[in-house]
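For reference, the structure is listed below as C-alpha coordinates.
Heavy-atom basis, side chains included; hydrogens, waters and symmetry copies ignored.
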Number of protein chains: 2
Amino acid sequence: MPEQKKPVGASAPRRRRSAEVARREILDAAQRRLDEGGPDAIRLQEIARDVGIAHPTILHHFGSRDGLIQALDARAIHALSDDVSAMLQGRRAQDSGIELLERLAHTMNDLGLARLIAWWAMREPNARALEGIDPPALVRNISQLICSQIEGDEAHSTEREEVVSFGVRLAVMAMFGEALIGDIMSPAGAEQRDAERHRFRAWLSDLLVEKIADPRDD
Amino acid sequence: MPEQKKPVGASAPRRRRSAEVARREILDAAQRRLDEGGPDAIRLQEIARDVGIAHPTILHHFGSRDGLIQALDARAIHALSDDVSAMLQGRRAQDSGIELLERLAHTMNDLGLARLIAWWAMREPNARALEGIDPPALVRNISQLICSQIEGDEAHSTEREEVVSFGVRLAVMAMFGEALIGDIMSPAGAEQRDAERHRFRAWLSDLLVEKIADPRDD
DNA sequence: TTAGATATATACATTAGTGTCAGTAGTGAG
DNA sequence: CTCACTACTGACACTAATGTATATATCTAA
(Lines give C-alpha, C1' and ligand atoms only; values in the text may rest on other atoms or scores of the structure.)
Protein backbone atom coordinates (compact mmCIF):
# COMPACT_ATOMS: atom_id res chain seq x y z
CA MET A 1 0.00 0.00 0.00
CA PRO A 2 1.48 3.40 -0.98
CA GLU A 3 2.00 5.57 2.04
CA GLN A 4 -0.86 7.99 2.27
CA LYS A 5 -0.02 11.32 0.76
CA LYS A 6 -3.08 13.20 1.82
CA PRO A 7 -4.20 13.53 5.39
CA VAL A 8 -1.01 12.67 7.22
CA GLY A 9 -1.99 12.58 10.82
CA ALA A 10 -4.18 15.31 12.19
CA SER A 11 -3.14 18.66 10.88
CA ALA A 12 -4.18 21.65 12.91
CA PRO A 13 -7.80 22.66 12.41
CA ARG A 14 -7.94 25.23 9.70
CA ARG A 15 -9.25 28.70 10.40
CA ARG A 16 -10.73 30.52 7.47
CA ARG A 17 -10.80 34.30 7.43
CA SER A 18 -12.34 36.59 4.90
CA ALA A 19 -9.81 37.85 2.41
CA GLU A 20 -10.05 41.30 3.95
CA VAL A 21 -9.38 40.13 7.48
CA ALA A 22 -6.57 37.88 6.33
CA ARG A 23 -4.90 40.75 4.54
CA ARG A 24 -5.21 42.95 7.57
CA GLU A 25 -3.77 40.38 9.94
CA ILE A 26 -0.87 39.73 7.63
CA LEU A 27 -0.13 43.42 7.23
CA ASP A 28 -0.28 43.93 10.98
CA ALA A 29 2.20 41.15 11.56
CA ALA A 30 4.51 42.47 8.87
CA GLN A 31 4.35 45.92 10.42
CA ARG A 32 5.24 44.47 13.80
CA ARG A 33 8.23 42.67 12.32
CA LEU A 34 9.39 45.84 10.65
CA ASP A 35 9.05 47.77 13.89
CA GLU A 36 10.97 45.27 15.91
CA GLY A 37 13.70 44.08 13.63
CA GLY A 38 13.97 46.36 10.65
CA PRO A 39 13.52 45.63 6.96
CA ASP A 40 15.48 42.40 7.03
CA ALA A 41 12.99 41.00 9.51
CA ILE A 42 10.22 40.99 6.96
CA ARG A 43 10.29 37.34 6.04
CA LEU A 44 7.28 35.54 4.73
CA GLN A 45 7.81 32.45 6.82
CA GLU A 46 8.09 34.34 10.08
CA ILE A 47 5.16 36.59 9.35
CA ALA A 48 3.13 33.51 8.49
CA ARG A 49 4.10 31.93 11.78
CA ASP A 50 3.04 35.05 13.66
CA VAL A 51 -0.35 35.02 12.03
CA GLY A 52 -0.69 31.28 12.34
CA ILE A 53 -0.84 30.42 8.68
CA ALA A 54 1.43 28.85 6.09
CA HIS A 55 3.59 31.21 4.09
CA PRO A 56 2.06 30.43 0.69
CA THR A 57 -1.13 31.95 2.03
CA ILE A 58 0.60 35.30 2.11
CA LEU A 59 1.61 34.84 -1.48
CA HIS A 60 -1.97 33.92 -2.26
CA HIS A 61 -3.19 37.24 -0.89
CA PHE A 62 -0.42 39.54 -2.05
CA GLY A 63 1.08 37.80 -5.04
CA SER A 64 4.65 38.27 -3.96
CA ARG A 65 6.82 39.66 -1.25
CA ASP A 66 7.00 42.88 -3.19
CA GLY A 67 3.24 42.99 -3.34
CA LEU A 68 3.09 42.69 0.42
CA ILE A 69 5.54 45.53 0.87
CA GLN A 70 3.67 47.67 -1.58
CA ALA A 71 0.45 47.03 0.31
CA LEU A 72 2.21 47.95 3.52
CA ASP A 73 3.35 51.22 2.01
CA ALA A 74 -0.05 51.96 0.59
CA ARG A 75 -1.85 51.36 3.85
CA ALA A 76 0.45 53.60 5.83
CA ILE A 77 0.42 56.37 3.30
CA HIS A 78 -3.32 56.42 3.11
CA ALA A 79 -3.58 56.39 6.88
CA LEU A 80 -1.40 59.48 6.94
CA SER A 81 -3.34 61.11 4.18
CA ASP A 82 -6.61 60.49 5.99
CA ASP A 83 -5.05 61.91 9.11
CA VAL A 84 -4.11 65.06 7.30
CA SER A 85 -7.52 65.34 5.71
CA ALA A 86 -9.12 65.08 9.12
CA MET A 87 -6.88 67.89 10.33
CA LEU A 88 -7.83 70.03 7.39
CA GLN A 89 -11.49 69.46 8.13
CA GLY A 90 -11.48 70.03 11.86
CA ARG A 91 -10.12 73.48 11.43
CA ARG A 92 -9.63 75.16 14.74
CA ALA A 93 -6.92 77.72 15.00
CA GLN A 94 -6.37 77.67 18.75
CA ASP A 95 -5.50 74.10 19.46
CA SER A 96 -3.55 73.69 16.28
CA GLY A 97 -0.17 73.84 17.96
CA ILE A 98 0.40 71.10 20.41
CA GLU A 99 -2.49 68.93 19.31
CA LEU A 100 -1.34 68.73 15.75
CA LEU A 101 2.14 67.84 16.90
CA GLU A 102 0.90 65.14 19.22
CA ARG A 103 -1.24 63.70 16.50
CA LEU A 104 1.66 63.70 14.10
CA ALA A 105 3.85 62.07 16.71
CA HIS A 106 1.27 59.40 17.32
CA THR A 107 1.01 58.54 13.66
CA MET A 108 4.76 58.44 13.26
CA ASN A 109 5.42 56.40 16.39
CA ASP A 110 2.53 54.19 17.22
CA LEU A 111 1.44 53.47 13.72
CA GLY A 112 4.99 52.84 12.69
CA LEU A 113 4.79 55.33 9.90
CA ALA A 114 8.21 56.79 10.51
CA ARG A 115 9.95 53.47 10.05
CA LEU A 116 7.95 52.68 7.00
CA ILE A 117 8.68 56.01 5.41
CA ALA A 118 12.34 55.81 6.28
CA TRP A 119 12.63 52.40 4.74
CA TRP A 120 10.76 53.51 1.71
CA ALA A 121 12.93 56.59 1.32
CA MET A 122 16.03 54.43 1.52
CA ARG A 123 14.77 52.08 -1.15
CA GLU A 124 13.63 54.80 -3.53
CA PRO A 125 15.95 57.74 -3.06
CA ASN A 126 14.68 59.57 -6.11
CA ALA A 127 10.95 59.03 -5.82
CA ARG A 128 8.76 62.10 -5.97
CA ALA A 129 5.36 60.65 -5.06
CA LEU A 130 4.06 57.53 -3.39
CA GLU A 131 0.89 55.63 -4.10
CA GLY A 132 -0.60 58.51 -5.98
CA ILE A 133 -0.17 60.85 -3.04
CA ASP A 134 1.78 64.01 -3.46
CA PRO A 135 3.48 65.15 -0.24
CA PRO A 136 4.32 68.68 -1.42
CA ALA A 137 0.66 69.21 -2.18
CA LEU A 138 -0.30 68.12 1.32
CA VAL A 139 2.25 70.46 2.83
CA ARG A 140 0.96 73.28 0.70
CA ASN A 141 -2.64 72.61 1.69
CA ILE A 142 -1.83 72.70 5.36
CA SER A 143 0.30 75.78 4.95
CA GLN A 144 -2.41 77.65 3.12
CA LEU A 145 -4.96 76.67 5.71
CA ILE A 146 -2.78 77.97 8.50
CA CYS A 147 -2.08 81.14 6.57
CA SER A 148 -5.72 81.87 6.08
CA GLN A 149 -6.50 81.13 9.69
CA ILE A 150 -3.89 83.57 10.90
CA GLU A 151 -4.53 86.36 8.50
CA GLY A 152 -8.26 86.01 8.20
CA ASP A 153 -8.40 85.14 4.56
CA GLU A 154 -6.34 88.10 3.55
CA ALA A 155 -4.07 87.55 0.67
CA HIS A 156 -0.74 86.35 2.05
CA SER A 157 2.59 86.94 0.47
CA THR A 158 4.65 84.23 -1.11
CA GLU A 159 7.43 84.69 1.41
CA ARG A 160 5.01 84.34 4.24
CA GLU A 161 3.61 81.17 2.78
CA GLU A 162 7.06 79.77 2.42
CA VAL A 163 7.81 80.46 6.06
CA VAL A 164 4.65 78.70 7.10
CA SER A 165 5.51 75.75 4.92
CA PHE A 166 8.96 75.68 6.53
CA GLY A 167 7.20 75.41 9.85
CA VAL A 168 4.99 72.58 8.72
CA ARG A 169 7.91 70.71 7.26
CA LEU A 170 9.99 71.27 10.35
CA ALA A 171 7.22 69.76 12.42
CA VAL A 172 7.01 66.73 10.19
CA MET A 173 10.76 66.22 10.07
CA ALA A 174 11.11 66.67 13.80
CA MET A 175 8.41 64.14 14.62
CA PHE A 176 9.84 61.82 12.01
CA GLY A 177 13.29 62.14 13.53
CA GLU A 178 11.98 61.79 17.04
CA ALA A 179 10.23 58.56 16.17
CA LEU A 180 13.39 57.07 14.74
CA ILE A 181 16.23 58.42 16.85
CA GLY A 182 14.53 60.25 19.70
CA ASP A 183 15.19 57.51 22.18
CA ILE A 184 18.83 57.29 21.29
CA MET A 185 19.46 60.95 21.89
CA SER A 186 17.39 61.39 24.98
CA PRO A 187 19.18 61.28 28.32
CA ALA A 188 15.96 60.41 30.11
CA GLY A 189 15.37 56.96 31.52
CA ALA A 190 12.54 54.81 30.31
CA GLU A 191 10.11 56.13 32.91
CA GLN A 192 10.58 59.83 32.22
CA ARG A 193 10.79 59.30 28.50
CA ASP A 194 7.17 60.09 27.79
CA ALA A 195 7.12 63.15 30.00
CA GLU A 196 10.24 64.51 28.39
CA ARG A 197 8.94 63.91 24.91
CA HIS A 198 5.79 65.76 25.79
CA ARG A 199 7.77 68.68 27.11
CA PHE A 200 9.83 68.70 23.95
CA ARG A 201 6.76 68.81 21.79
CA ALA A 202 5.21 71.55 23.86
CA TRP A 203 8.39 73.55 23.49
CA LEU A 204 8.52 72.99 19.76
CA SER A 205 4.87 73.86 19.41
CA ASP A 206 5.40 77.14 21.24
CA LEU A 207 8.37 77.85 19.07
CA LEU A 208 6.43 77.30 15.87
CA VAL A 209 3.29 79.14 16.89
CA GLU A 210 5.32 82.07 18.09
CA LYS A 211 7.46 82.32 15.01
CA ILE A 212 4.69 81.76 12.54
CA ALA A 213 2.03 83.87 14.19
CA ASP A 214 4.29 86.90 14.40
CA PRO A 215 5.04 88.05 10.90
CA ARG A 216 8.26 89.52 12.15
CA ASP A 217 10.92 88.63 9.64
CA ASP A 218 14.57 89.01 10.48
CA MET B 1 45.12 13.75 -17.66
CA PRO B 2 43.13 15.61 -15.11
CA GLU B 3 42.06 18.99 -16.40
CA GLN B 4 44.20 21.64 -14.88
CA LYS B 5 42.73 23.07 -11.73
CA LYS B 6 45.16 25.86 -11.29
CA PRO B 7 45.78 28.64 -13.74
CA VAL B 8 42.79 28.38 -16.04
CA GLY B 9 43.43 30.85 -18.79
CA ALA B 10 44.66 34.31 -18.07
CA SER B 11 42.87 35.85 -15.15
CA ALA B 12 42.86 39.60 -14.82
CA PRO B 13 46.05 41.06 -13.41
CA ARG B 14 45.79 41.20 -9.70
CA ARG B 15 46.02 44.47 -7.83
CA ARG B 16 47.20 44.31 -4.29
CA ARG B 17 46.18 47.01 -1.84
CA SER B 18 47.23 47.44 1.72
CA ALA B 19 44.68 46.07 4.14
CA GLU B 20 43.77 49.58 5.18
CA VAL B 21 43.15 50.79 1.67
CA ALA B 22 41.21 47.67 0.80
CA ARG B 23 38.97 48.11 3.79
CA ARG B 24 38.34 51.72 2.91
CA GLU B 25 37.50 50.99 -0.70
CA ILE B 26 35.14 48.25 0.32
CA LEU B 27 33.43 50.42 2.89
CA ASP B 28 33.08 53.23 0.38
CA ALA B 29 31.44 50.94 -2.12
CA ALA B 30 29.11 49.53 0.52
CA GLN B 31 28.16 53.04 1.53
CA ARG B 32 27.39 53.93 -2.05
CA ARG B 33 25.20 50.88 -2.40
CA LEU B 34 23.35 51.78 0.75
CA ASP B 35 22.82 55.32 -0.43
CA GLU B 36 21.50 54.31 -3.79
CA GLY B 37 19.43 51.25 -3.12
CA GLY B 38 18.81 50.89 0.57
CA PRO B 39 19.83 48.13 2.95
CA ASP B 40 18.85 45.32 0.63
CA ALA B 41 21.36 46.58 -1.88
CA ILE B 42 24.28 45.72 0.36
CA ARG B 43 25.33 42.49 -1.26
CA LEU B 44 28.84 41.17 -1.06
CA GLN B 45 29.03 40.14 -4.68
CA GLU B 46 27.91 43.49 -6.00
CA ILE B 47 30.14 45.44 -3.69
CA ALA B 48 33.00 43.24 -4.75
CA ARG B 49 32.22 43.92 -8.37
CA ASP B 50 32.18 47.66 -7.71
CA VAL B 51 35.58 47.52 -6.10
CA GLY B 52 36.93 45.14 -8.68
CA ILE B 53 37.68 42.21 -6.40
CA ALA B 54 36.18 38.83 -5.67
CA HIS B 55 33.67 38.65 -2.89
CA PRO B 56 35.63 36.34 -0.61
CA THR B 57 38.14 39.15 -0.31
CA ILE B 58 35.53 41.13 1.54
CA LEU B 59 35.03 38.25 3.90
CA HIS B 60 38.78 38.06 4.34
CA HIS B 61 38.87 41.65 5.53
CA PHE B 62 35.66 41.82 7.54
CA GLY B 63 35.01 38.24 8.57
CA SER B 64 31.38 38.27 7.62
CA ARG B 65 28.65 40.42 6.17
CA ASP B 66 27.74 41.45 9.67
CA GLY B 67 31.31 42.44 10.31
CA LEU B 68 31.21 44.67 7.25
CA ILE B 69 28.03 46.33 8.43
CA GLN B 70 29.43 46.83 11.89
CA ALA B 71 32.52 48.44 10.41
CA LEU B 72 30.28 50.67 8.33
CA ASP B 73 28.42 51.77 11.43
CA ALA B 74 31.60 52.31 13.37
CA ARG B 75 33.19 54.44 10.69
CA ALA B 76 30.17 56.68 10.36
CA ILE B 77 29.66 57.07 14.06
CA HIS B 78 33.25 58.01 14.62
CA ALA B 79 33.12 60.46 11.75
CA LEU B 80 30.18 62.13 13.42
CA SER B 81 31.86 62.07 16.78
CA ASP B 82 34.97 63.66 15.36
CA ASP B 83 32.80 66.25 13.71
CA VAL B 84 31.21 67.12 16.99
CA SER B 85 34.54 67.23 18.74
CA ALA B 86 35.80 69.65 16.14
CA MET B 87 32.79 71.83 16.76
CA LEU B 88 33.40 71.77 20.45
CA GLN B 89 36.99 72.81 19.92
CA GLY B 90 36.47 75.61 17.45
CA ARG B 91 34.27 77.42 19.87
CA ARG B 92 32.99 80.62 18.39
CA ALA B 93 29.67 81.88 19.57
CA GLN B 94 28.77 84.09 16.64
CA ASP B 95 28.79 81.76 13.72
CA SER B 96 27.36 78.89 15.66
CA GLY B 97 23.93 79.16 14.12
CA ILE B 98 23.89 78.61 10.43
CA GLU B 99 27.36 77.14 10.17
CA LEU B 100 26.69 74.40 12.63
CA LEU B 101 23.50 73.55 10.83
CA GLU B 102 25.19 73.44 7.48
CA ARG B 103 27.92 71.27 8.83
CA LEU B 104 25.38 68.92 10.35
CA ALA B 105 23.47 68.82 7.10
CA HIS B 106 26.63 68.01 5.20
CA THR B 107 27.48 65.12 7.45
CA MET B 108 23.96 63.76 7.32
CA ASN B 109 23.57 64.11 3.57
CA ASP B 110 26.85 63.87 1.80
CA LEU B 111 28.47 61.41 4.11
CA GLY B 112 25.34 59.31 4.11
CA LEU B 113 25.15 59.37 7.87
CA ALA B 114 21.40 59.86 7.98
CA ARG B 115 20.71 56.71 6.04
CA LEU B 116 23.16 54.74 8.06
CA ILE B 117 21.70 55.92 11.34
CA ALA B 118 18.16 55.32 10.16
CA TRP B 119 19.01 51.83 9.12
CA TRP B 120 20.80 51.18 12.34
CA ALA B 121 17.90 52.54 14.38
CA MET B 122 15.54 50.26 12.52
CA ARG B 123 17.65 47.22 13.19
CA GLU B 124 18.23 47.96 16.86
CA PRO B 125 15.15 49.73 18.14
CA ASN B 126 16.17 49.41 21.76
CA ALA B 127 19.85 50.22 21.59
CA ARG B 128 21.11 52.92 23.90
CA ALA B 129 24.65 53.40 22.63
CA LEU B 130 26.58 52.63 19.50
CA GLU B 131 30.18 51.65 19.16
CA GLY B 132 31.02 52.95 22.58
CA ILE B 133 29.68 56.37 21.79
CA ASP B 134 26.97 57.83 23.94
CA PRO B 135 24.73 60.23 22.03
CA PRO B 136 23.07 61.77 25.09
CA ALA B 137 26.50 62.69 26.40
CA LEU B 138 27.36 64.41 23.12
CA VAL B 139 24.12 66.34 23.22
CA ARG B 140 24.79 67.36 26.78
CA ASN B 141 28.32 68.50 25.96
CA ILE B 142 27.14 70.69 23.15
CA SER B 143 24.30 72.06 25.22
CA GLN B 144 26.56 72.99 28.07
CA LEU B 145 29.01 74.64 25.75
CA ILE B 146 26.27 76.74 24.24
CA CYS B 147 24.92 77.59 27.65
CA SER B 148 28.26 78.80 28.89
CA GLN B 149 28.84 80.80 25.73
CA ILE B 150 25.56 82.59 26.12
CA GLU B 151 25.63 83.24 29.79
CA GLY B 152 29.31 83.77 30.16
CA ASP B 153 30.10 80.86 32.37
CA GLU B 154 27.46 81.75 34.87
CA ALA B 155 25.69 78.88 36.45
CA HIS B 156 22.68 78.03 34.32
CA SER B 157 19.49 76.52 35.55
CA THR B 158 18.44 72.99 34.78
CA GLU B 159 15.38 74.17 32.90
CA ARG B 160 17.50 76.41 30.76
CA GLU B 161 19.88 73.61 29.97
CA GLU B 162 16.98 71.42 28.97
CA VAL B 163 15.71 74.05 26.59
CA VAL B 164 19.11 74.32 25.00
CA SER B 165 19.32 70.57 24.67
CA PHE B 166 15.89 70.61 23.04
CA GLY B 167 17.30 73.04 20.53
CA VAL B 168 20.30 70.88 19.81
CA ARG B 169 18.18 67.81 19.39
CA LEU B 170 15.73 69.63 17.19
CA ALA B 171 18.58 70.65 14.95
CA VAL B 172 19.84 67.10 14.72
CA MET B 173 16.41 65.63 14.08
CA ALA B 174 15.57 68.24 11.52
CA MET B 175 18.76 67.69 9.54
CA PHE B 176 18.31 63.97 9.89
CA GLY B 177 14.77 64.22 8.60
CA GLU B 178 15.74 66.57 5.85
CA ALA B 179 18.39 64.21 4.60
CA LEU B 180 15.94 61.34 4.41
CA ILE B 181 12.64 62.86 3.38
CA GLY B 182 13.44 66.47 2.57
CA ASP B 183 13.33 65.90 -1.14
CA ILE B 184 9.99 64.19 -0.97
CA MET B 185 8.32 67.03 0.87
CA SER B 186 9.86 69.89 -0.99
CA PRO B 187 7.83 71.47 -3.77
CA ALA B 188 10.97 72.85 -5.35
CA GLY B 189 12.34 71.45 -8.57
CA ALA B 190 15.77 69.95 -8.75
CA GLU B 191 17.42 73.26 -9.66
CA GLN B 192 16.05 75.31 -6.82
CA ARG B 193 16.38 72.49 -4.34
CA ASP B 194 19.68 73.61 -2.92
CA ALA B 195 18.67 77.21 -2.62
CA GLU B 196 15.49 76.29 -0.86
CA ARG B 197 17.26 74.02 1.55
CA HIS B 198 19.66 76.76 2.37
CA ARG B 199 16.81 79.15 3.05
CA PHE B 200 15.18 76.56 5.25
CA ARG B 201 18.31 76.11 7.27
CA ALA B 202 18.81 79.82 7.62
CA TRP B 203 15.25 80.13 8.86
CA LEU B 204 15.69 77.30 11.31
CA SER B 205 18.97 78.70 12.51
CA ASP B 206 17.35 82.09 13.19
CA LEU B 207 14.56 80.37 14.98
CA LEU B 208 16.89 78.47 17.25
CA VAL B 209 19.29 81.29 17.98
CA GLU B 210 16.44 83.60 18.75
CA LYS B 211 14.63 81.22 21.03
CA ILE B 212 17.67 79.96 22.81
CA ALA B 213 19.48 83.25 23.21
CA ASP B 214 16.47 84.97 24.73
CA PRO B 215 15.88 83.39 28.12
CA ARG B 216 12.26 84.41 27.90
CA ASP B 217 10.23 81.46 29.00
CA ASP B 218 6.50 81.74 28.61
C1' DT C 1 67.12 36.18 -4.42
C1' DT C 2 64.71 33.89 -1.36
C1' DA C 3 61.21 33.41 2.16
C1' DG C 4 57.41 34.63 4.70
C1' DA C 5 53.23 36.94 5.10
C1' DT C 6 49.01 38.08 3.35
C1' DA C 7 45.86 40.07 -0.10
C1' DT C 8 43.38 37.95 -3.57
C1' DA C 9 41.30 34.39 -6.67
C1' DT C 10 38.55 30.12 -8.14
C1' DA C 11 35.53 26.68 -7.20
C1' DC C 12 32.36 24.78 -4.29
C1' DA C 13 29.17 23.91 -0.17
C1' DT C 14 25.36 25.45 2.36
C1' DT C 15 21.47 27.51 3.55
C1' DA C 16 17.59 30.36 3.64
C1' DG C 17 14.09 32.47 1.54
C1' DT C 18 10.78 33.12 -2.36
C1' DG C 19 7.73 31.21 -5.35
C1' DT C 20 4.91 27.01 -7.54
C1' DC C 21 1.67 23.27 -7.62
C1' DA C 22 -1.73 20.25 -6.76
C1' DG C 23 -4.77 19.01 -3.45
C1' DT C 24 -7.83 19.98 1.06
C1' DA C 25 -11.37 22.10 3.71
C1' DG C 26 -14.37 25.85 5.24
C1' DT C 27 -18.34 28.74 3.71
C1' DG C 28 -22.20 30.60 1.50
C1' DA C 29 -25.75 30.23 -2.23
C1' DG C 30 -29.07 27.71 -4.63
C1' DC D 1 -27.83 18.91 0.81
C1' DT D 2 -25.00 19.88 -2.82
C1' DC D 3 -22.07 22.53 -5.29
C1' DA D 4 -19.02 26.07 -6.46
C1' DC D 5 -15.74 29.10 -4.76
C1' DT D 6 -11.68 30.19 -2.63
C1' DA D 7 -8.84 30.51 1.57
C1' DC D 8 -5.57 27.53 2.94
C1' DT D 9 -1.91 23.75 3.27
C1' DG D 10 2.30 20.61 2.57
C1' DA D 11 5.85 19.38 -0.32
C1' DC D 12 9.03 20.81 -3.38
C1' DA D 13 11.74 23.50 -6.93
C1' DC D 14 14.67 27.27 -7.65
C1' DT D 15 17.54 31.05 -6.83
C1' DA D 16 20.62 33.86 -4.78
C1' DA D 17 23.39 35.10 -1.24
C1' DT D 18 26.78 33.96 2.40
C1' DG D 19 30.50 31.48 3.77
C1' DT D 20 34.58 27.78 3.15
C1' DA D 21 38.61 25.58 1.32
C1' DT D 22 42.52 25.85 -1.03
C1' DA D 23 45.64 27.76 -4.32
C1' DT D 24 48.18 31.80 -6.21
C1' DA D 25 50.18 36.32 -6.79
C1' DT D 26 52.38 40.24 -4.88
C1' DC D 27 54.68 42.77 -1.51
C1' DT D 28 58.39 43.37 2.16
C1' DA D 29 62.27 42.15 4.45
C1' DA D 30 66.39 39.77 5.10
Side-chain angles (χ1 to χ4, degrees), chain A residues 2-30 33-34 36-72 119 123, chain B residues 2-30 33-34 36-72 119 123:
Chain A
E3 54 256 296
Q4 289 178 304
K5 232 179 209 160
K6 319 308 190 45
V8 187
S11 46
R14 207 180 270 193
R15 171 174 157 219
R16 187 191 176 101
R17 308 143 178 84
S18 75
E20 190 191 5
V21 170
R23 285 176 64 96
R24 207 185 52 239
E25 287 187 16
I26 294 168
L27 287 174
D28 287 345
R33 285 271 161 198
L34 176 65
E36 286 164 16
D40 296 341
I42 294 198
R43 259 162 277 179
L44 299 190
Q45 316 224 26
E46 297 188 17
I47 295 171
R49 197 158 46 73
D50 291 348
V51 179
I53 57 179
H55 87 269
T57 303
I58 300 179
L59 293 170
H60 169 72
H61 285 292
F62 295 96
S64 67
R65 182 179 188 269
D66 253 32
L68 170 65
I69 289 167
Q70 216 174 313
L72 210 56
W119 182 33
R123 291 189 332 257
Chain B
E3 55 255 297
Q4 290 179 303
K5 234 181 207 156
K6 320 305 192 49
V8 187
S11 47
R14 208 180 269 195
R15 172 175 157 217
R16 187 190 176 102
R17 309 143 177 84
S18 74
E20 191 191 5
V21 170
R23 285 176 63 97
R24 206 184 55 237
E25 287 187 15
I26 293 169
L27 287 172
D28 287 345
R33 286 268 162 198
L34 177 64
E36 286 164 14
D40 296 342
I42 294 197
R43 259 163 272 174
L44 299 191
Q45 315 224 27
E46 297 189 17
I47 294 171
R49 196 158 47 74
D50 291 349
V51 178
I53 58 179
H55 86 270
T57 303
I58 299 179
L59 294 170
H60 168 73
H61 285 291
F62 294 96
S64 66
R65 181 177 187 270
D66 253 33
L68 170 65
I69 289 168
Q70 215 174 313
L72 209 56
W119 183 34
R123 289 186 335 254

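A distance of 9.5 Å separates CG in B/Leu72 from CG in B/Asp28, rounded to the nearest 0.5 Å. Atom CD1 of residue B/Ile47 and atom OG1 of residue B/Thr57 lie 12.5 Å apart, to the nearest 0.5 angstrom.
Put simply, CZ on B/Phe62 is 20 Å from P on D/dA17, counting in whole angstrom units. For B/Glu46 and D/dT15, the CD to P distance is 18 Å, given to the nearest whole Å. When the P atom of D/dA17 is taken as reference, atom CZ of A/Arg43 falls 15 Å away, rounded to whole Å. B/Ile42 has its CD1 atom 17 Å from the C1' atom of D/dA16, to the nearest Å. As a whole-Å value, the separation of A/Arg49 CZ from D/dT9 P is 14 Å. If you take CD1 of B/Ile58 and P of C/dA9, they are 10 Å apart, rounded to a whole angstrom. Protein atom CD of A/Gln45 is 6 Å distant from nucleotide atom P of C/dT18, rounded to whole Å.
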Evaluation steps, side-chain contact (heavy atoms from CB on, under 4.5 Å), between A/Glu25 and A/Ile53: CA-CA 10 Å; A/Glu25 287 187 16; A/Ile53 57 179; over 6 Å; no
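Shortest non-hydrogen contact noted between B/Arg65 and B/Ile42 is NH2-O, 3.1 Å. Residues A/Ser64 and A/Leu59 share a closest heavy-atom pair of CA-CD2, 3.6 Å. What you find for A/Ala71 and A/Arg23 is that their closest heavy atoms are CB-NH2, 4.2 Å. When every heavy atom of A/His61 is checked against every heavy atom of A/Ala22, the shortest pair comes out as NE2-CB, 3.5 Å. Of all non-hydrogen atoms in A/Ala41 and A/Glu46, the two that sit nearest each other are O-OE1, 4.4 Å.
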So which protein nitrogen or oxygen atoms get under 3.5 Å of nucleotides 19-21 of chain D's nitrogens or oxygens?
| from | atom 1 | to | atom 2 | distance (Å) |
| --- | --- | --- | --- | --- |
| D/dG19 | OP2 | B/Arg65 | N | 2.8 |
| D/dG19 | N7 | B/His55 | NE2 | 3.1 |
| D/dG19 | O6 | B/His55 | NE2 | 3.3 |

Enumerate all atom pairs, one protein N or O and one N or O from nucleotides 6-8 of chain D, separated by less than 3.5 Å.
| from | atom 1 | to | atom 2 | distance (Å) |
| --- | --- | --- | --- | --- |
| D/dT6 | O2 | A/Arg16 | NH1 | 3.1 |
| D/dT6 | O2 | A/Arg16 | NH2 | 3.0 |
| D/dA7 | OP2 | A/His60 | NE2 | 2.7 |
| D/dA7 | O4' | A/Arg16 | NH2 | 3.4 |
| D/dA7 | O3' | A/Arg17 | O | 3.4 |
| D/dC8 | OP1 | A/Arg17 | N | 3.0 |
| D/dC8 | OP1 | A/Arg17 | NH1 | 3.2 |
| D/dC8 | OP2 | A/His61 | NE2 | 2.7 |
| D/dC8 | O2 | A/Arg14 | NH1 | 3.0 |

